[in-house]
Amino acid sequence: MTLDRDAAPHPDLPDVVQELKERTATALAGGGERQHAKIAEQGKLFVRARLDLLLDSGSFVENGLLARTMDDGLAADALVTGTGTVDGRVVAVIANDPTVKAGAWGRETIRKIIRQQEEAVVLQCPLLYLVDSAGARLDEQFDLFIDRHHAGRIFWNQARMSGALPQICVLFGPSPAGAAYLPAFCDAVIMVDGNASAFLGSPRMVEMATGEKATAEEMGGARMHCEVSGLGDQLAKDDVEALAMARRYLEFLPDHAEGEVPRRAGVEPAPGKSLDELIPQAQNRAFDVLKVLNRLVDEGSLFQHRAGFARELVTAFARLDGRTVGLVANQPMRKGGTLSSDSSEKGAQFVQLCDAYGIPLVFLSDTPGFMVGSQVERDGIIRRGAKYLSAIAEASVPRICVVLRKSYGAGYMAMSGATFGPDATIALPQAKLAIMGPEAAVNAIYLNKINAIEDPDERTAYVAALRAEYMINLDVFRAASATYLDAVILGDDLRAELVLRLERYARKDRERLPRRHAVIRG
């Protein structure tokens, strides 16, 4: 039998090609004109415009485009999923479409999210969540909440992928109720100021349950989460900046935990004052550690993580002669560099993030230690400080401790001092190391004798003499002479020293103790 290729289609068969084109066009368009106008008024981009900015041109391969196209008005079931490339590297993306049902999750939305998570694991690539969703559709809850393959599986997958594949969340709009946990499981969370929000209970729900009245911004707005709660890591002014930040994270993170950490050609630091000029020898004189870091690392490479939260501790990615590093530095301009409960949480998460993906850590210490007082004890500073110390002790990547000026008490441990097993402990000539600073020590040891001196001038002179005597024991050369320090160097030589040491320590085997995991009272 010969097939007549020019014959007209059978009258009883639909034109499937035309139907495919129509269904595809409908899915690609998203919601109606009114919904598109609404997100435009909010300063938001359409989901496919977001993907165009994030991904390399022509690289996107979509999964599940035709989901729910048999249902009127549910284009792709409010979710765009697939893979693409960023600077040539494969990434997986899961992106809500707020023009369809306000981005709310339906039964096929859940299936698409889980399917894309599974593909990311197979491809061993980073996974980016572009979140802008009203949460779950309550009218479909029977089909999306109870079964082992329903919505909770998304968070189970996230927890299992944590530390194995980089997960980055860009929050353009709301992420309420259970969906609020999606950013919480990610390595980095970028939130758009004025539009992004995350809360377990909406303002209306909270008012009904407790009587409390609060706006969405007060309850869970982007600025609150980036500066107060710590859920947000980056505060972006708009969608475009948020997507640029997501691409920036990928400059420093590998494809997966065993992948190669990105490296670039080295460049010199930004011009400016020398480190020896920037770091005062006077112990109580404040200086901006960010200026020190910018003079230490490759120009333009410093990228702060959680810049707005717990500002007394700086955590940042950067490059030293092209090599990616994680920096943890005390900020004397904020609370004198004293560590708090929040900075403990911040430090712990960043250390774990770098260790998970094989990024070496450099700690730059200038701290009088941890905060004291009844309020910080109530806030759990001991418990949360131990969480930070546990993260350092667990880290198996190369670690270097640099004492810029002072490192007292448990702050010495929290900045990866010698007792916490770094690969090297080095110091600048003005460095002081002790269980506590001279003011606190003299007061603790000699309080009764000091109070017994009635003459104010005599008392002042006596205290000054005691502090000067105490400072002798803090001398950096005494510590170096006893080989407590591996090196004492000038600030202007620090960059070269770090570059050479990191090159040597790159050979370090990431050995861990034979156990399932540590138990942290967090």
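Computed from a predicted structure; not experimentally measured.
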Check: Do the side chain of D187 and the main chain of Q167 share a donor and acceptor less than 3.5 angstrom apart?
Finding: yes
Notebook entry, point to check: Between D298 and R323, is there a salt bridge with N-O shorter than 4.0 Å?
Noted result: no
Notebook entry, point to check: Is any side-chain heavy atom of M219 closer than 4.5 Å to a side-chain heavy atom of S197?
Noted result: no
Notebook entry, point to check: Would R306 count as a cation-pi partner of F350, with NZ or CZ less than 6.0 Å from the six-membered ring centre and within 45° of the ring normal?
Noted result: no
Next item on the list: Using a 4.5 Å cut-off on heavy atoms from C-beta on, say whether the side chain of I168 contacts that of I190.
Entry: yes
Next item on the list: Flag yes if more than 12 heavy atoms outside I382 fall under 6.0 Å of its CD1 atom; otherwise flag no.
Entry: no
Margin query: Taking the side chain as everything from C-beta on, heavy atoms only, tell me whether D455 gets closer than 4.5 Å to R459.
Written below: no
Note to self: Any carboxylate oxygen within less than 4.0 angstrom of a Lys/Arg side-chain nitrogen, looking at D366 and K406?
What the structure shows: yes
Notebook entry, point to check: For atom CZ of F155, is the number of surrounding heavy atoms from other residues, nucleotides or ligands below 6.0 Å larger than 12?
Noted result: yes
Item checked: Test item: R295 side-chain N/O and K273 main-chain N/O as donor-acceptor pair under 3.5 Å -> yes
Checklist line | R311 and D342 ion-paired at < 4.0 Å | finding: no
Check: Judged by atom type as modelled, is there a donor-acceptor pair below 3.5 Å linking the side chain of Y412 to the main-chain atoms of S365?
Finding: no
Note to self: Donor-acceptor pair, distance only, cut-off 3.5 Å: does the side chain of N294 make one with the backbone of L290?
What the structure shows: yes
Item checked: Atom CZ of R263: over 12 foreign heavy atoms under 6.0 Å -> yes
Notebook entry, point to check: Would you say the side chain of M191 lies within less than 4.5 Å of the side chain of Q234, judging by non-hydrogen atoms?
Noted result: no
Item checked: Any side-chain heavy-atom pair of V488 and F477 under 4.5 Å -> yes
Check: How far apart are the closest heavy atoms of Q304 and V314, and which atoms are they?
Finding: OE1-CG1, 3.9 Å
Margin query: With a 3.5 Å distance limit and no angle check, can you tell me whether D379 reaches the backbone of S341 through a side-chain donor-acceptor pair?
Written below: no
Notebook entry, point to check: Does atom CD of E377 have more than 12 heavy-atom neighbours, drawn from other residues, nucleotides or ligands, at distances under 6.0 Å?
Noted result: yes
Notebook entry, point to check: Do V476 and V403 pass the side chain to side chain contact (heavy atoms under 4.5 Å, CB included) test, and can you show the C-alpha distance, the side-chain angles, and the key distance before you say yes or no?
Noted result: CA-CA 10 Å; V476 69; V403 183; over 6 Å; no
Check: Taking atom types as modelled and ignoring hydrogens, do the side chains of E312 and T338 form a donor-acceptor contact shorter than 3.5 angstrom?
Finding: no
Check: Should V397 and L361 be marked as a side chain to side chain contact (heavy atoms under 4.5 Å, CB included) after you check the CA-CA gap, both sets of side-chain angles, and the distance that decides it?
Finding: CA-CA 7 Å; V397 292; L361 285 157; 4.0 Å; yes
Note to self: Using only atom types and a distance under 3.5 Å, with no angle test, would you say the side chain of S343 pairs donor to acceptor with the backbone of A310?
What the structure shows: no
Check: Any Lys/Arg nitrogen of D239 or R50 sitting under 4.0 Å from an Asp/Glu carboxylate oxygen of the other?
Finding: yes
Checklist line | No-hydrogen, no-angle side-chain donor-acceptor test under 3.5 Å, Y388 and R384 | finding: no
Notebook entry, point to check: At their closest point, which heavy atom of R495 faces which heavy atom of D321, and how far apart are they?
Noted result: NH2-N, 3.6 Å
Notebook entry, point to check: Stepwise, does the salt bridge (Lys or Arg N to Asp or Glu O under 4.0 Å) test hold for D193 with K237?
Noted result: CA-CA 5 Å; D193 194 14; K237 66 176 183 291; over 6 Å; no
Check: Does V289 offer a backbone N or O that forms a donor-acceptor pair with the side chain of Q331 under 3.5 Å?
Finding: yes
Note to self: Looking at D492 and L275, would you say the former's side chain and the latter's main chain have a donor-acceptor pair under 3.5 Å?
What the structure shows: yes
Notebook entry, point to check: Heavy atoms, side chains only, cut-off 4.5 Å: are Y129 and C186 in contact?
Noted result: yes
Next item on the list: Take Y249 and F303, measure what ring pair (Phe, Tyr, Trp, His ring centres under 6.0 Å) needs, and give me the verdict at the end.
Entry: CA-CA 8 Å; Y249 270 109; F303 182 56; 4.9 Å; yes
Notebook entry, point to check: What are the two closest heavy atoms between P368 and G336, and how far apart are they?
Noted result: CD-O, 3.4 Å
Note to self: Any heavy-atom pair between the side chains of V325 and R319 that's under 4.5 Å?
What the structure shows: no
Next item on the list: Could you tell me whether the side chain of K346 and the main chain of F309 form a donor-acceptor pair under 3.5 Å?
Entry: yes
Margin query: Check this for me: Y505, atom OH, are more than 12 non-hydrogen atoms of other residues, nucleotides or ligands nearer than 6.0 Å?
Written below: yes
Which donor-acceptor pairs under 3.5 Å do side chains of residues 426-438 form with protein atoms, sequence neighbours excluded?
none

Notebook entry, point to check: If every non-hydrogen atom of G417 is compared with every non-hydrogen atom of C401, which pair is closest and at what distance?
Noted result: CA-SG, 3.9 Å
Next item on the list: Kindly say whether L54 contributes a backbone atom to a donor-acceptor pair with the side chain of R247 at under 3.5 angstrom?
Entry: yes
Item checked: Derivation and outcome, side chain to side chain contact (heavy atoms under 4.5 Å, CB included), residues F172 and V170 -> CA-CA 6 Å; F172 299 98; V170 187; 3.3 Å; yes
Checklist line | CA sep, side-chain torsions, deciding dist, call: R223, E217, side chain to side chain contact (heavy atoms under 4.5 Å, CB included) | finding: CA-CA 8 Å; R223 190 169 294 273; E217 183 65 27; 4.1 Å; yes
Check: Heavy atoms, side chains only, cut-off 4.5 Å: are L364 and L293 in contact?
Finding: yes
Checklist line | T367 versus M415, closest heavy-atom pair with distance | finding: CG2-CG, 4.2 Å
Checklist line | Separation between CD of Q349 and NZ of K387, rounded to the nearest 0.5 Å | finding: 9.0 Å
